[in-house]
Structures are given as structure tokens and as C-alpha cells.
Amino acid sequence: MKDIGQYDHKKVEEKYAKLWVERVLYSVKDTSGEKFSVVIPPPNVTGSLHMGHALNATLQDIICRWQRMLGKEVVWVPGFDHAGIATQYVVDRQLQEKGINRLDLGREEFLKKVWEWVPISRNAIREQLERLGVSVDWKRERFTLDEGFSRAVRYAFRRLYEEGLIYRGEYMVSWCPKDLTALSDLEVEHEEEEGKLYYIRYPLEDGSGYITVATTRPETMLGDTAVAVHPEDERYKSLVGKRVRLPLVEWKRKAMDGSEVEPIIPIIADERVKPEFGTGAVKITPAHDPLDFEIGKTHGLPFVQVMDQFARMNHNAGQFEGLDRYEARKKIVERLEELGLLEKVESHRHAVGKCYRCKTVLEPFVSTQWFLKVSDPRIRDQAIRVVKEGLIRFIPENWSKIYLQWMENLKDWCISRQIWWGHRIPVWYCEDCGHTNVFTDEDFDRVYDKLIFNLIADGKIGEEFTPEEVADLLNSPSFVHPEMTLLDFYKHFAFHKYHSTEVDANSLRLFFTQDLNPMAILTEKKSRYRYNPQKKTYRFVLRCKKCGSERLRQETDVLDTWFSSALWPFGVFGWPEATQDLQKLYPTDLLVTGFDIIFFWVARMVMMGTFFTKDIPFKDVYIHALIRDEKGQKMSKTKGNVIDPLDIVEKYGADALRFTLAILTQQGRDIRLSEKRFEGYKHFANKLWNAGRFILLNLDEDLLYNLPYGAPPRPEDLWIITKLNRTIERVNKALSEYEFSEAARELYEFIWSEFCDWYIEFSKIRLYAKPQSEDPEEEKRIKAERISAQATLLMVFEKTLRLLHPFMPFITEELWQALPTAHQESISLTQYPQFNPQEIYEEAEKKVERIKEIISSIRSLRSDLRIEPSRRIKLYYRAEESKSLVEEFMPHILSLARLESLEEVAERPPRSVAGFSKDFEFYVLAEENINLEELISSYSRRLAEVERSMETFEKRLSNENFLKKAPEEEVQRTKEALEELKGERERIQRLLTILQEAR
RNA sequence: AGGCGCGUAGCUCAGAUGGCAGAGCGCCGCCCUUACAAGGCGGAGGUCGGCGGUUCGAGUCCGCCCGUGCCUACCA
């Protein structure tokens, strides 16, 4: 007997969100058993989580909690992504709002600002994840820019470089003139736009006429160095080899190789020109168009850049210099028109590439960049094989096709970015011999040299540093784990080998006093350190591996953020160190992510994973849908249609949020979300709570001791046990197939429609039973009955809570802890219910289902007759097969159909109205004010329906082909169904006649 | 331009292996029946986008079309 009162999701959830983290429930210490490991797709530190993250986290948590309850040692690694451009963009905008320009601030100062921002975002996200109840192991939290991870990135870069898989070169890339960086092909968003196609006449040099070219970008004509036609194009065959005078350009232009280029340009033939497009003649601007770049290369054409990094016209643009590309376009078109060289302008739909971050139209731009040869068989073949052979499994399956398609058409990946926030490429160019040096800490023997190298490469200390600076830094709290020092963190995540032996505070002190003794350094030419006696600072010296020069210049570019993300599933476990974690927990078992980053991330993890670890990074890849708003629009801040998960958690609770997301997650389908959905499942949580409240209110304190004195189970007990058992089976099956929606629906259906609607109602018969006499035997019997009802309620409810726990962790925890059977620190540490074939009671199941039908049919009649629920009425019945059942379940029918009495009669009582359910026919005495019309129309509708069904069955059975060809079983089934319908029709007809007479 | 997905009740969506169309929300009616009005009980509502084909039988399999969403792509 205890009352848990009304459901207050905030109270419950806030309590456990904190408690679970404090008690470190989800940190596995002993990893000797069967493991289940997952790495979270690290959220970007760009702000806070959106609904997509909430979905992602929820689905992973459902699986992780389920696996944990199945007895596995679940390790779920959380973390964050530094998210290069995205984060830089966010901080840049914040500064702009304060009127600060990033370029004025300079790299170092700007990075400081970013490091100030990151913890703000990270804490917000952490808090959100905790509120969602995710069971990650916070002790393992990682950041893609933390010390260990950065080291892994450098290691990976070096390996790839040494294997010849990374190269540097001058190529055409997509350039964002706003973010001032190159982007990979994937970061280009193509958008269809209504543009214009300009037809421009280029006069032939000999004055014999002109050739007309068509272009969408007239401003690039200033950089034209040829006109190309298809070699087989009869219209232009005679012109090939001739030259044209480039209009407007009356000056010499400077090509990228420094040579001067005349505005007289050749007409060349190239098969890549499509004769059917435009005029069939195309202007060639090798420095500003990808195809022209290729053609320029093959034909040895000069490359003339006419724009700078801001997409402004440069010195090659003569009078147009300094104009923005679009202004230049306008001016150039005007000029051409004046000169009569603009033949016509057509409207033209075409795709333009935009920056995926800032949506600026990108400029094809020739520049020197770093590339990763992902198309190399050493990388690609494995990545294809592991998916083809099913070692990695996509769910839903069709994504593997998309993955493979993309893999087949791989192009080299531009991995360098001209931004500041990210992993600086670990390359130092020699100013003397020009050698490209790639350094990692492997190049140094002593641990402290390694350490200091890493600090420098990370930009954690400046080129010149004092020992105090280094010591302070190493003794300061780690960015990721404030309870550790930076040095601890290094030891833990990066210097596995040296763990607790060589690296400690004492040796650190010794290192600085002995090894970095200024006198020793000044006299020791080969020292790694240079001492500056004036400033009392040290410099860590790198020497060119080829010529030994100390004059090295570090590459200023940083790596594409996805380069580091690609190492995530093994980097988090300490790779490249051969840690125990790596051996035990890698490959991971599951990756849950959205389809929008299959190419960006999933594919690259597979490529890097198989390349570096010779193993797959994960076994199952569950691809979930994208969250959209109720109109099917992508949620975005600019559209203002975002639903903030924290708002929902506040208003409806994390449990409701999670359950909603789970039940809406049908495989491979986008989720349209409106706030209304959450409300419905909050009601579900409330329903569950109230069921718990009811049970607790009705449990006797001494129940657990009295269990042996309980009466044997009744059919409804066996029925609900069977129903629960079937639900257990279905939920486990659904989860094993990642059918979240199916699992959630089964739970909802069972809890609400079976347990609450029927079983609890049935149980009240025994719980509320009062002895009719003073007979002590009867009292004893009633008590025994009550015990058995309580026991079943408790047992079924307890199992149900465990079954539901992965979906709604908070409320299930709270209710479970309130049960007298609670015996564990947390419900999440108990076992997940499993199907038990012994607990299927078909006989009882059938009986109770039939009784439900009978009760419903009585309720239906009552409702049609407008008899209020509170009025207990007398009912009379006739029945054949159902008779014994009705007698057996008399109390149930009386109670749930709210009857005063139910008596068997031989004939329909006079002046009565009738209803039926199969052979069970029942009668209510008609009163003066009874409403028959509703009933008559109800029966009429029913009759029509039955007759319609009969017709289709009769037609089918009179079809010879059906009888001949359909399976015997099917024919039989149809016949039986028809017989049943016939009986029903007769009954309805009879009842209708009665009603009409009574009218 | 290719590829993928979707079109079923007013809305959001379920409907292995073809065999009497389902749920939630919304709507209508009656009820504060001592777990729950965030509730109970009862009910209405659908030519399964269109056309053709395979089949005894098609929401389900095949073809075409229409609508819609997304991904990929160097048509200047």
C-alpha cells in the first residue's frame, strides 16, 4: 500500500539523469565477457543538439541498454567533433557580430577564441545527452582534437604519405570565396538555378567572320585561352587551327607559370566538346572551369587566372580589375552588347555549386592542395570488399548499394583546408633543399621530446616556450576530462607504452632541470633545443630529414575535418598504440547514423579502418531517417522550424521524446515531426505511471511473504502472461532487426490495450472482493485470490518495465525502484525478459479473447441504447457453445459490462431489445424512453456489411477456377467464413425484426 | 541527365512470402464507474495516385504514366 502520487516527469528525469552519471553505471571495468561496443557519431561543437542528434542518441541508447540487459559488456564511447569549417564559421560569425574580423585577429588569437567557445558548446551538448538518458561511458569521452587523437591523425597522415597515397599538387578545386578555403567534392551542394546562357561572338583573327560561343559565365572570358569544337563537327571543321581575337581584352595577361598571354587564341578540336550544346563551340578558360582545366592540360594551353581568392577580378581583368565576379559579369555583358558581339541571351536552368556551410556560390579555382588517393586499390578494394562480402552490413540493406555505387566512382579526396581550426598538416618544408618533411613523434626517441613535439604540432605551445609554460600546461586540467591533467590524459590516451613509468611529474621536473639545462644546450650543437638567453625561452628544433637544415616552415593548411573523423572508431580506443581497448573493443558492433553522412563519414571510416587496422571498423551500420518538420521540410535555424529537443524534454519529458522518436522510426523513411506527437506519448508515460500507481496502491505490504498462500492462477492471469510473453518475443525480435517502430508499437499496444484496458480491470474483481458472509473459509479464499491477483500484477508489471526500459529509461527506473521486488541499483542492470515457450497458455488465451468480445458486444448495445455506464442493468442471455464460458466468467462480465445480473433464459423476454456476439445472444428489457433508432441503423449497417462480404465469398466459391486452382486450405477457409457470415446475417435479421416491432 | 524512395481514413503512418483494408492523432456520442478526464466506453470515416498486365484472386508482383521528396553529375 503506497501511493506514488501523480506523474511528474521533470522530477523523475532530473533525478536519474544526474544519478546515473554520478554512479558511473555505464562504465565497464571488467571486459572479460562478451562485449558490445559502439562509438557515438561525435556531435559537432557548433552549438547544441538538434532533433536529429536526439534521434541518433535515442536509437543507440535503446540498443545499448537492450544489449546491456542481455548480459553483454556494453561500451558506448561518447565524444565530440571539432568540425573544422563549421566551428570556425560559427565563431567567425560571433566575432563579426562584435565587429571583429578574423583576418585582423590572426591565427593564434582566433584559435584562442575558438578554444573558448568549444567548452560552451560541449557542455551544452553533454547536458543534453544526459537529459536524454543516454548510457554512454563518460570516462571514455574523446574529442577529435584532443592530444591523443591529434597524434593519431598525424600518424595516419604520415603512413599514407609514405605509402604514396597522399600527394600535393596544383589542381582545380571548389573554392569558397567567403570561407577562403578549398572544399572537397562532397562539400559542394548542387542547386538548380535559373541562369542565362550568353551567346558571344569571337571575331576570327583574319577578319573573315566570327565564331559564336555560348557561356553561362561571361566574366571568365577574360581568362580564355582557346575556343574548342568537336573534331567531327562539320560546321567548324574548316575553322580548327585558325585563331580568334578575344573581345574586350586589349592587354597581355599573365599566366600562372608567369608567361605572357596574347588575347589572340586558337580554335582547337576536342572530343569532350558536345556539338549539340549551345553553338557547339565552347570558350576554354583553363583556370576557371573543371572541364576547361582538363582540356587546357591536354592541349598545353596557358592558364590565366582572372579572379583572386575572394572571387574578385584581378590584374588580368584589365579595366574590370577589382570588380566582384557578378558585377564584372554585368559590365562585360554590357560592353559586349555595345560592341554588337552579344548575339543573344537565353534563359537556362543549370546546377550551381554552393558551399555546404555558408551557401556561397563556389568558384572553380586552381590552387595547390593535398589529396588522398582514395581510388587506389590499397584503399578502395578493401572498402568495397568488406561490404560486398557482408562483413559490414547496412540496415536498411539498400544503402549498401548506394555505398558501393559511390565507391566505384571515387575521385581523389582533397584533404587540405585553408582554414585555421583543425589538425594542422604535420608537414614541414625545408627552406634550403625544398624537401617535404612529415614528422610525428615517432621521429624522437625520448618521451619528453615526443611530448613537446606533440604540443608544438598541436599549437598548444608557441615555437618559443619556457619550461614553466610547458609544466603549467601539462599540469593543467585536460580539456576533455577536467579531472585529469593534460599529462594524465597523454599517458592514458596517447602514451600507452609509457604509462605510469617514464612519464610523471617528477621526471618532468628532472627533464626540465637536467636535460634542458641552458648551459648544456648552448654547448651541445646537436641538442633538440635552442636556448634563448635573453628571453629565457627554448625552441624545439626539427631538422630536415634530407639536408639537416633547421630552417623548416610548417604547412599552414589544416586537414579536412572528416580526415580525423575517419579514424574515430579506432582512434577513440588509443590507436595507433596497440592498447587493450583496441584489442578488446574493436571492431565495434554497431554504428548508428544518418544517410546524409554515408559518404562523408561512413565510407571514409571503412576506408581508413580497413587500411590501418586490417579490420572492419564496425559490423552493423544502422542508417536512420532525417527529421523533418510537419510539412516535410528539413529543419534549419534559418527556416525557424526547428524543434529543440530540450524544449520537448522540458515540456513532455525525455521518455516521451525517446518513445516518440522510436515509434516514428520506420526504416528508411523520413520522420515528419510535429509537437503534437510528443503529447500523445507523454500520455502513454502517464498511463504507465498510473498503472504502477494502481498496482502499488493495491499491493499488500506482506505480499512477498504471502505468495505461497495465493490461489492458483485464473485464466485471465494465464492470458496476460501469454500476452506478455508474446510481446517479449516480438520486441526482442524487432530489436534484433532494428525495427524500433515495431518494438515500440508492440509495447504500447500491450501496455495500454491489454494490460491496462483489460487485465487491470479484471484484477479489480479479486482485489476489491468482499466476503459475503462471516465464513472464515470464504475470507481465506478471498484473501488467497487477492494474493494471486497481486502476484500476477506485480510479476507482469515488473517484467513489462524491464521490457520497456530501453525506450523509456527514466519512468521505468522510478517505477521499478518503487516495487517491492527491486533488488538492484538500477533496472538497467537487470536482465532483459526473454520469451519462454512454457508460458504460452493457448486455452486461457482463447477463452479470455472470447470473453472480451462478449463484453464489448454488451457495451456496444448499452452505448447504442444510451444507457449510462454508471447504471447497472439486468441482462438475460441465451447461448450454446459460449454457455459454459459465460458461466465461468460471470464475475468478469458483470464487472466489466457493468451489469447487475446476467441470467440465462429459454426465450427472449417480452419487450426486450437484443444484441449478440456469435452464439451469445442477450437481452435488455426495453424501457419507455429507450432509443431504438441508433440501434436499428447500427444493425442495418452491419447487415449490409455482412451481405457485401457474403457476396464476394459466394462469387469466389462459384468461380470454378478458384475451386480448381486455389489451395484446398484457402477454399475451406472461404467456405467456413461464408457459413459464419450466414449465421450472423440470420441473427441480425432476426434482431432487426424484433427491434422494428418494438418501435 | 542518371539513381533511390514515397503516394493507403481529415493528418502522420503500419500493412513478410498475393487470400474479408489497420493503428495513433483528430472527429462524433455517452460518461468524473474509487490507477489515470493526460482518462473510460462506444462509433463514423478509405474507388489503397492513374492506366494496363500476370493471376482463380493484386494495396501487395510486372510495365507505363502522373504527382512528390532526396541523392549523385565537369552539359559550357
Side-chain angles (χ1 to χ4, degrees), chain A residues 3-4 6-7 172 185 190 197 213-217 220 228 272-274 276-279 281-285 289-294 348 350-351 353 364 398-399 401-402 405-406 409 595-596 598-599 626 628 630 632 634 663-664 666 668-674 676-677 679-698 741-742 745 748-749 753 756-757 760-761 764 768 856 859-864 866-872 896 898 934 938 941 945 948-950 952-953 956 959-967 969-971 973-974 977 981:
Chain A
D3 189 355
I4 52 174
Q6 301 237 307
Y7 176 49
M172 177 149 290
D185 298 335
H190 296 275
L197 192 58
V213 298
T215 180
T216 53
R217 308 198 50 204
T220 63
R272 286 165 284 194
V273 178
K274 289 182 188 124
E276 65 280 2
F277 189 89
T279 60
V282 57
K283 61 192 261 327
I284 300 295
T285 325
D289 180 276
L291 178 64
D292 295 4
F293 179 85
E294 297 297 326
H348 177 64
H350 64 131
N398 61 314
W399 292 109
K401 209 169 104 191
I402 290 163
Q405 242 169 39
W406 186 75
N409 302 310
F595 62 80
D596 49 331
I598 289 183
F599 305 142
L626 233 54
R628 298 175 183 284
E630 46 207 317
K634 229 173 170 167
I663 208 163
L664 291 179
Q666 265 106 44
R669 207 189 240 261
D670 287 352
I671 298 175
R672 288 187 184 210
L673 208 55
S674 73
K676 269 224 110 49
R677 313 305 296 257
E679 206 185 327
Y681 296 108
K682 187 194 168 183
H683 294 175
F684 175 56
N686 190 54
K687 187 75 180 176
L688 182 77
W689 181 269
N690 282 308
R693 186 181 181 197
F694 170 82
I695 291 166
L696 288 165
L697 276 172
N698 288 289
S741 180
E742 176 71 17
R745 257 201 310 274
Y748 185 94
E749 176 74 16
S753 310
C756 291
D757 286 353
I760 284 187
E761 294 307 320
K764 287 176 181 172
Y768 296 164
S856 291
R859 284 169 170 173
S860 180
L861 181 73
R862 288 182 61 125
S863 177
D864 283 342
R866 301 281 184 274
I867 301 172
E868 316 84 84
S870 54
R871 229 173 88 208
R872 297 213 168 244
L896 270 69
R898 304 199 63 77
E934 190 74 21
S938 165
R941 268 196 309 272
E945 209 176 287
R948 198 152 24 91
S949 297
M950 284 179 63
T952 63
F953 285 154
R956 190 175 302 169
N959 182 341
E960 273 181 45
N961 278 325
F962 175 71
L963 298 174
K964 253 193 304 199
K965 295 187 185 173
E969 200 185 55
E970 190 55 40
V971 177
R973 212 182 313 166
T974 311
L981 285 171

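A note on names: the letters A, B, ... follow the listed sequences, proteins ahead of strands, and every chain is numbered from 1.
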OP1, OP2 of C36(B) versus side-chain N and O of H683(A): anything below 4.0 Å? no
Looking for any heavy atom pair under 4.0 Å, which part of the strands does Y768(A) touch: base, sugar-phosphate only, or nothing? sugar-phosphate
Test item: N698(A) side-chain N/O and F694(A) main-chain N/O as donor-acceptor pair under 3.5 Å: yes
At 4.0 Å (heavy atoms only), tell me whether V273(A) reaches a base, stays on the sugar-phosphate, or touches nothing. base
Closest to the K687(A) side chain: G24(B), G40(B), C71(B)? G40(B)
What class does the angle between the rings of Y681(A) and Y748(A) fall in, given that below 30° is parallel, 30 to 60° is tilted and above 60° is perpendicular? perpendicular
Protein heavy-atom contacts under 4.0 Å, written 5' to 3' over nucleotides 41-48 of chain B as B (base), S (sugar-phosphate only) or - (none), form the string SSSS----
Is R677(A) reaching over with its side chain to a backbone N or O of L664(A), donor-acceptor style, under 3.5 angstrom? no
Tell me the interatomic distance from I671(A), atom CD1, to C13(B), atom P, rounded to whole angstroms. 10 Å
Could you check how far OH of Y681(A) sits from P of A23(B), rounded to whole Å? 13 Å
Name the pairing partner of A58(B), where a pair is Watson-Crick or G-U wobble with both distances under 3.5 Å, or state none. none
Interface polar pairs with nucleotides 53-56 of chain B, N/O, under 3.5 angstrom:
from	atom 1	to	atom 2	distance (Å)
C56(B)	OP1	K965(A)	NZ	2.3
C56(B)	O2'	N959(A)	ND2	2.8

Identify whether any heavy atom of I760(A) sits under 4.0 Å from a base atom; if not, whether one sits that close to sugar-phosphate; answer base, sugar-phosphate or nothing. base
Does K682(A) come within less than 4.0 Å of E679(A), counting only side-chain N to carboxylate O? no
Between A35(B) and K764(A), is there an OP1 or OP2 to side-chain N/O distance shorter than 4.0 Å? yes
Across all strands shown, which nucleotide pairs with G7(B) by Watson-Crick or G-U wobble geometry, both distances under 3.5 Å? C66(B)
Which of these nucleotides, A38(B), G24(B), A73(B), is closest to any side-chain atom of H190(A)? A73(B)
Between U33(B) atom C1' and N690(A) atom CG, what is the distance in whole Å? 16 Å
Selection from A76(B), A73(B), A38(B) that lies nearest to any side-chain heavy atom of T215(A): A76(B)
Which part of the nucleic acid, if any, lies within reach of E761(A) when heavy atoms closer than 4.0 Å are counted: base, sugar-phosphate only, or nothing? base
Just the rounded figure in Å: distance from C1' of U33(B) to CD1 of I867(A). 15 Å
Should the ring pair W399(A) and F595(A) be called parallel, tilted or perpendicular, given that the plane angle runs from 0 to 90° and is split at 30 and 60? parallel
Using ring pair (Phe, Tyr, Trp, His ring centres under 6.0 Å) as the criterion, list what pairs up with H350(A), not counting sequence neighbours. H348(A)
Watson-Crick or G-U wobble mate for U33(B), both contacts under 3.5 Å: none
Determine which nucleotide pairs with G22(B), using a 3.5 Å limit on both distances of a Watson-Crick or G-U wobble pair. C13(B)
